[in-house]
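The structure under discussion appears below in the form of structure tokens.
Sequential numbering from 1 along the given sequence is applied to the chain's residues. First listed ligand is number 1; within each ligand, the first listed atom is number 1.
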Amino acid sequence: MPTLNDIRSTFLSYFEKQGHEVVPSSPLVPRNDPTLMFANSGMVQFKNLFTGVEHRDYTRATTAQKCVRAGGKHNDLDNVGYTARHHTFFEMLGNFSFGDYFKSQAIPYAWELVTKELDIPKDRLLVTVYHTDDEAVELWKKTGVPEDRILRIDTMDNFWMMGSTGPCGPCSEIFFDHGDKYWGGPPGTPEEDGDRFVEIWNLVFMQFEQFEDGTRRELDAQSIDTGMGIERVAALLQGTNDNYATDLIRALIEASADATSTDPDGPGKTHHRVIADHLRSTSFLIADGVMPSNDGRGYVLRRIMRRAMRHAHLLGAQDPLMHRLVPSLVRQMGAAYPELHRAQALIEETLKLEETRFKQTLDRGLKLLDDELTGLPEGTKLPGESAFKLYDTYGFPLDLTQDALRERGREVDTAGFDSAMAEQKAKARAAWSGSGESADLAIWFDIAEAHGATDFLGYDTETAEGQM
Ligand code: ATP
Ligand code: MG
Ligand code: MG
Ligand code: MG
């Protein structure tokens with residue numbers, strides 16, 4: 001049974017044999033793109049090659065890219081622990097052509113890799129194309145995919161755009177059918193969100209350039225950008241539909257179970273899954289230089305850390321837990337990502353310090369939350385002021401409170417939370433107004449409200465974020 005590390009090597013060496021440069025993953029913090037919070041697809045580091053702004057001495061590349069999707073347009077944080085196929089941190093395998101080959105080569109490469117190198121049975125695979133992309137349909141047929149396994153999709157799931165203008169084009173996605181013991185329907189049906197038909201690989205054909213007036217022309221240099229989720233492929237090759245049951249993530253779940261003397265598959269199952277996932281995203285973010293803070297990227301990191309810590313608390317962990325799991329992660333992933341080795345001590349210290357500090361307020365905050373809930377009639381939302389108090393006094397990010405309530409089938413009155421927040425900001429602004437700097441401060445607060453304190457990290461902007 002191939003391990004996750006085997007699959008990474010198979011993918012990279014297949015494309016290396018096809019003349020692709022093996023390029024290392026870029027850091028999670030994009031170097032040249034302040035508008036993007038974290039690298040969330042393989043194409044991020046190549047954006048300037050696709051737009052022709054930059055040239056390198058290769059026109060074909062292949063990567064295993066570290067990705068974080070916990071904020072902004074692609075936010076999978078709330079899926080973690082609940083779907084079998086989403087992580088906040090995952091690796092995306094990709095092959096890229098910068099004005100070199102196009103669809104007629106990208107399609108047979110993908111099919112050969114999936115059916116020969118990885119040996120996935122053809123009768124379990126489906127492909128989708130954008131509804132008007134007859135060329136892709138013909139190429140898939142020529143490559144050996146029966147027509148009834150090619151689905152035409154007319155939504156933006158199968159059309160990619162870098163922004164409101166610039167490169168864009170149809171996508172074609174490969175899905176694996178885990179069989180009728182799982183709930184879910186094929187892509188394009190109302191049941192597509194189930195865990196039966198799982199998207200494993202997205203091929204983006206950068207075919208057009210889009211202009212401001214909405215018109216398009218064919219690009220001179222047509223390009224390819226693909227992304228395959230390594231954990232999803234590991235799952236199907238290891239005979240499961242659950243990414244969390246694959247070798248690497250399972251090892252982290254077992255480390256969490258050992259450290260808490262609990263059953264990995266018992267009532268704390270969801271907690272272990274969340275902890276294993278969040279261990280990866282927090283450790284990789286710290287290794288790439290992000291530190292917990294109250295704004296921007298650092299706040300996303302803090303939110304993920306605190307969320308993991310609540311799950312550790314629910315497992316009954318009395319002492320800080322996360323830092324004790326780092327050696328297990330380094331064992332699993334340190335060979336492929338040496339930055340984990342280099343940063344191991346920093347990761348452990350940061351996790352331990354954050355958890356030690358947060359523990360003091362976590363217990364009291366959870367107690368308060370319990371008290372609030374006991375008095376609350378069934379079906380009522382938690383008042384916004386309570387959620388705000390948890391945020392303001394106990395350091396509970398809103399999503400942590402929401403995560404805690406989800407287990408009990410409750411929600412937060414988010415509008416009430418927002419107005420409590422706005423009220424506090426207005427008070428803070430008023431308190432400052434005598435300082436003589438009020439005009440500047442008013443501007444600062446407006447920016448802080450819109451963007452999160454001092455960082456202009458508008459991570460929800462319409463910039464290139466790779467696959468969709
Ligand atoms: P989905 O529809 O399942 O959320 P997506 O369409 O958002 O996936 P893409 O943006 O096309 O995903 O990314 C390319 C590939 O990366 C996907 O085909 C999938 O295999 C993988 N992938 C995407 N998001 C995640 C995630 N949160 N965790 C693990 N793998 C992912
Ligand atoms: Mg998605
Ligand atoms: Mg999708
Ligand atoms: Mg996709």
Side-chain angles (χ1 to χ4, degrees), residues 4 7-8 11 25 28 36 38-44 63-96 106 110 113-114 118 120 125-130 151 153 155-162 169-178 182 184-189 191-206 224-237 240-246 248-249 273-274 276-278 280-281 284 304 464-468:
L4 195 135
I7 297 163
R8 192 188 302 108
F11 188 98
S25 172
L28 284 166
L36 180 62
F38 301 120
N40 55 19
S41 76
M43 69 79 70
V44 168
T63 60
Q65 173 68 44
K66 300 181 276 189
C67 296
V68 167
R69 292 191 175 183
K73 192 163 80 181
H74 291 290
N75 184 1
D76 289 330
L77 189 56
D78 293 328
N79 287 324
V80 169
Y82 301 96
T83 77
R85 63 183 196 283
H86 286 102
H87 308 286
T88 55
F89 172 93
F90 65 100
E91 285 178 83
M92 198 186 282
L93 299 167
N95 60 292
F96 307 92
L113 182 89
V114 165
L118 297 174
I120 302 175
L125 296 167
L126 284 175
V127 302
T128 63
V129 296
Y130 191 56
L151 310 177
I153 304 284
T155 64
M156 292 306 274
D157 269 351
N158 281 70
F159 197 88
W160 177 86
M161 303 181 78
M162 191 176 267
C171 316
S172 194
E173 296 190 315
I174 303 182
F175 284 74
F176 182 81
D177 178 3
H178 281 281
Y182 301 105
T189 66
E191 298 80 31
E192 69 178 347
D193 281 337
D195 281 326
R196 172 171 172 184
F197 293 89
V198 172
E199 175 190 330
I200 57 170
W201 201 353
N202 185 356
L203 317 183
V204 176
F205 309 129
M206 292 191 196
I224 294 291
D225 155 29
T226 84
M228 171 192 264
I230 193 170
E231 297 82 1
R232 295 185 186 184
V233 174
L236 72 92
L237 292 175
T240 167
N241 87 322
D242 182 3
N243 287 12
Y244 291 81
T246 57
L248 196 156
I249 300 172
R273 291 163 78 95
V274 174
D277 174 85
H278 291 7
R280 297 212 302 166
S281 46
F284 273 97
I304 304 173
E465 295 199 17
Q467 328 281 317
M468 315 211 320

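Across Asp76, Ile174, Asn243, heavy-atom proximity to atom 27 (N) of ligand 1 is greatest for Asp76. For atom 16 (O) of ligand 1, the candidate residues are Met92, His86, His87; the nearest heavy-atom contact is made by Met92. Scanning Met43, Arg69, Glu192, His74 for the heavy atom closest to atom 10 (O) of ligand 1 points to Arg69.
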TODO: Evaluate the ring pair (Phe, Tyr, Trp, His ring centres under 6.0 Å) criterion for residues Phe197 and Phe175: first the C-alpha distance (whole Å), next the side-chain angles of each, then the deciding distance (0.1 Å), finally the verdict.
DONE: CA-CA 6 Å; Phe197 293 89; Phe175 284 74; 7.8 Å; no
TODO: I would like to know whether Asp277 and Arg273 meet side-chain contact (heavy atoms from CB on, under 4.5 Å); could you show each step before the answer?
DONE: CA-CA 6 Å; Asp277 174 85; Arg273 291 163 78 95; over 6 Å; no
Task: CA sep, side-chain torsions, deciding dist, call: Arg8, Leu93, side-chain contact (heavy atoms from CB on, under 4.5 Å) - done: CA-CA 7 Å; Arg8 192 188 302 108; Leu93 299 167; 4.0 Å; yes
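Numbered from 1 in the order shown, with element, the atoms of ligand 1 that lie under 4.0 Å from a heavy atom of Ile200 read 18 (O), 20 (O). Remark: ligand 1 atoms within the under-4.0 Å shell around heavy atoms of Trp201 are 18 (O). Ligand 1 places these atoms under 4.0 Å from at least one heavy atom of Asn202: 11 (O). Listed by number with element, the atoms of ligand 1 under 4.0 Å from a non-hydrogen atom of Glu173 are 11 (O).
Restricting Glu173 to its N/O/S atoms, the shortest distance to the Mg ion (ligand 4) is reached by OE2. Nearest N/O/S atom of Glu199 with respect to the Mg ion (ligand 4) is recorded as OE2.
Side-chain contact between Trp201 and Val127 is absent, with no heavy-atom pair separated by less than 4.5 Å. For the pair Asp157/Pro187, no side-chain contact is recorded, criterion being any heavy-atom separation below 4.5 Å from C-beta on.
The two atoms that bring Val114 and Met228 nearest to each other are CG2-CE, 4.1 Å, heavy atoms only.
Because the distance cut-off is set at 2.8 Å, Asp157 fails to qualify as a neighbour of the Mg ion (ligand 4), as none of its N, O or S atoms comes that close.
Ring planes of Phe284 and Phe89: parallel class, angle under 30° (limits at 30 and 60°).
Formation of a donor-acceptor pair under 3.5 Å by the Arg69 side chain with backbone atoms of Asn40 is found in this model.
By the 3.5 Å distance cut-off applied to N or O atoms, Glu199 is counted among the residues near ligand 1.
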